[in-house]
Number of protein chains: 2
Amino acid sequence: MPHTGRTSPGRQLEHPQAAQIRLESVLSALADPVRLRIVSDLAQGHEDMACISFELPVSKSTSTHHFRVLREAGVIRQYYEGTSRMSRLRSQELEECFPGLLEAVLRAQGVQV
Amino acid sequence: MPHTGRTSPGRQLEHPQAAQIRLESVLSALADPVRLRIVSDLAQGHEDMACISFELPVSKSTSTHHFRVLREAGVIRQYYEGTSRMSRLRSQELEECFPGLLEAVLRAQGVQV
DNA sequence: CGACTCGTACGATAGCTTTCGTAGTACGAG
DNA sequence: CTCGTACTACGAAAGCTATCGTACGAGTCG
């Protein structure tokens, strides 16, 4: 079994506040096949996923990079849980900032919304 | 006065067909402040605009580049009219390919949709 | 034709992106 | 404490992007 259920504090991860999320950065973050796939996977049921559970066609360090881009753009929120880093979409906040945007992108990707 | 009203054939400009428009390219095209502004301006009433009438904070050659990116991504359609190159949004086709996407982006930019 | 306007093509450059490997840190299990 | 797992940080390389200036082509007006 992975962990005991406790949420470890871990190191702090920088996230932009909802009001600081810029459209340009979000679009830029979504304009990459790997990241688009991460977002689709997150939207596809699994609310919280560790980086490892995405089977991405890139190396670990490259994954780290893509997750960081998504996080810094404000698309996902990440937190540590043991040695794993969990990710979840910031759907609600994005909906407030840019209504309909995430939904349109997901729909275009063939994800049930 | 600009021209006599005749539509000159000019040189052919390559456009992707609606079915060939890729989400990734569209997002990538929109992920730039200059291009986002072009798109907003086009949506803002002026259906057909010559490149020159956008007062962009970049040089002529850079403009050409940005218009090309938008055209090749399938976001705008361009045609020659005299010495001018007119541009218009491919709103309807985009709506068919990616419902709600353009609208969400424009709304996020503060454009009345 | 000649001059002027609008836009393109080309070449160059600086900076960013994507990618990786390697080395290291943080956590949990034993 | 030691080991394995999960992930990061750093450095490096290759490629793309945004930007420009200059030189040129296509069309219009006199």
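Below, read A as the first sequence line, B as the second, and so on, with proteins coming before strands; counting in each chain starts at 1.
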Side-chain atoms of residues 29-39 of chain A: list all donor-acceptor pairs with protein atoms under 3.5 Å, sequence neighbours left out, distances to 0.1 Å.
| residue | atom | partner | partner atom | Å |
| --- | --- | --- | --- | --- |
| Asp32(A) | OD1 | Val34(A) | N | 2.8 |
| Asp32(A) | OD1 | Arg35(A) | N | 3.2 |
| Arg35(A) | NE | Ala29(A) | O | 2.7 |
| Arg35(A) | NH1 | His66(A) | ND1 | 3.0 |
| Arg35(A) | NH2 | Ser28(A) | O | 3.3 |
| Arg37(A) | NH2 | Glu55(A) | O | 2.6 |

task: Rounded off to whole Å, could you give me the CZ-to-P distance for the Arg85(B) and dG25(D) pair?
output: 17 Å
- request: Give none if dG21(D) has no partner; otherwise give the nucleotide forming a Watson-Crick or G-U wobble pair with it, both distances under 3.5 Å.
  value: dC10(C)
- prompt: If you find the nucleotide of DNA chain C closest to Gln78(B) and the one closest to Ala31(A), which residue's nucleotide is nearer the 5' end?
  reply: Gln78(B)
message: Going by side-chain hydrogen bond (donor to acceptor under 3.5 Å, both in side chains), name the residues that satisfy it together with Ser84(B), two or more places apart in sequence or in a different chain.
response: none
message: Under the rule for side chain to side chain contact (heavy atoms under 4.5 Å, CB included), what residues qualify as partners of Ser59(B), not counting sequence neighbours?
response: Ser61(B), Thr62(B)
Name each donor-acceptor pair under 3.5 Å that joins a side chain in residues 98-113 of chain B to protein atoms two or more places apart or in another chain, with its distance.
| residue | atom | partner | partner atom | Å |
| --- | --- | --- | --- | --- |
| Glu103(B) | OE2 | Arg107(B) | NH2 | 2.6 |
| Gln109(B) | OE1 | Ser40(B) | OG | 3.2 |

query: Out of dG7(C), dA18(D), dT5(C), which nucleotide sits closest to the side chain of Thr83(B)?
result: dT5(C)
query: Could you give the CD1-to-C1' distance, from Ile76(B) to dG7(C), as a whole number of Å?
result: 13 Å
- prompt: Hey, can you pull the residues of residues 53-75 of chain B with a non-hydrogen atom under 4.0 angstrom from DNA chain C?
  reply: Lys60(B), Ser61(B), Thr64(B)
message: Tell me every residue that passes side chain to side chain contact (heavy atoms under 4.5 Å, CB included) with Gln20(B), counting only those two or more places apart in sequence or in another chain.
response: Pro16(B), Gln17(B)
- prompt: Just how far, in rounded Å, is P of dC7(D) from CD of Glu81(A)?
  reply: 11 Å
Exercise: identify the closest heavy-atom pair between Gly74(B) and Ile21(B): O-CD1, 3.7 Å
Members of residues 33-43 of chain A that approach DNA chain D, where some heavy atom sits under 4.0 Å away: none
query: Of all residues at least two apart in sequence or in a different chain, which pass the side chain to side chain contact (heavy atoms under 4.5 Å, CB included) check with Arg77(A)?
result: His15(A), Arg88(A), Arg90(A), Glu93(A)
field: Partner residues of Thr64(A) under the side chain to side chain contact (heavy atoms under 4.5 Å, CB included) criterion, sequence neighbours left out
entry: none
Those residues that, when tested against Thr83(A), pass side-chain hydrogen bond (donor to acceptor under 3.5 Å, both in side chains) (two or more places apart): none
- prompt: Between dA9(C) atom P and Leu13(B) atom CG, what is the distance in whole Å?
  reply: 9 Å
All N/O pairs under 3.5 Å across the protein-nucleotides 11-15 of chain C interface:
none

task: Give every residue pair that meets the salt bridge (Lys or Arg N to Asp or Glu O under 4.0 Å) criterion with at least one member in residues 56-75 of chain A, sequence neighbours excluded.
output: none
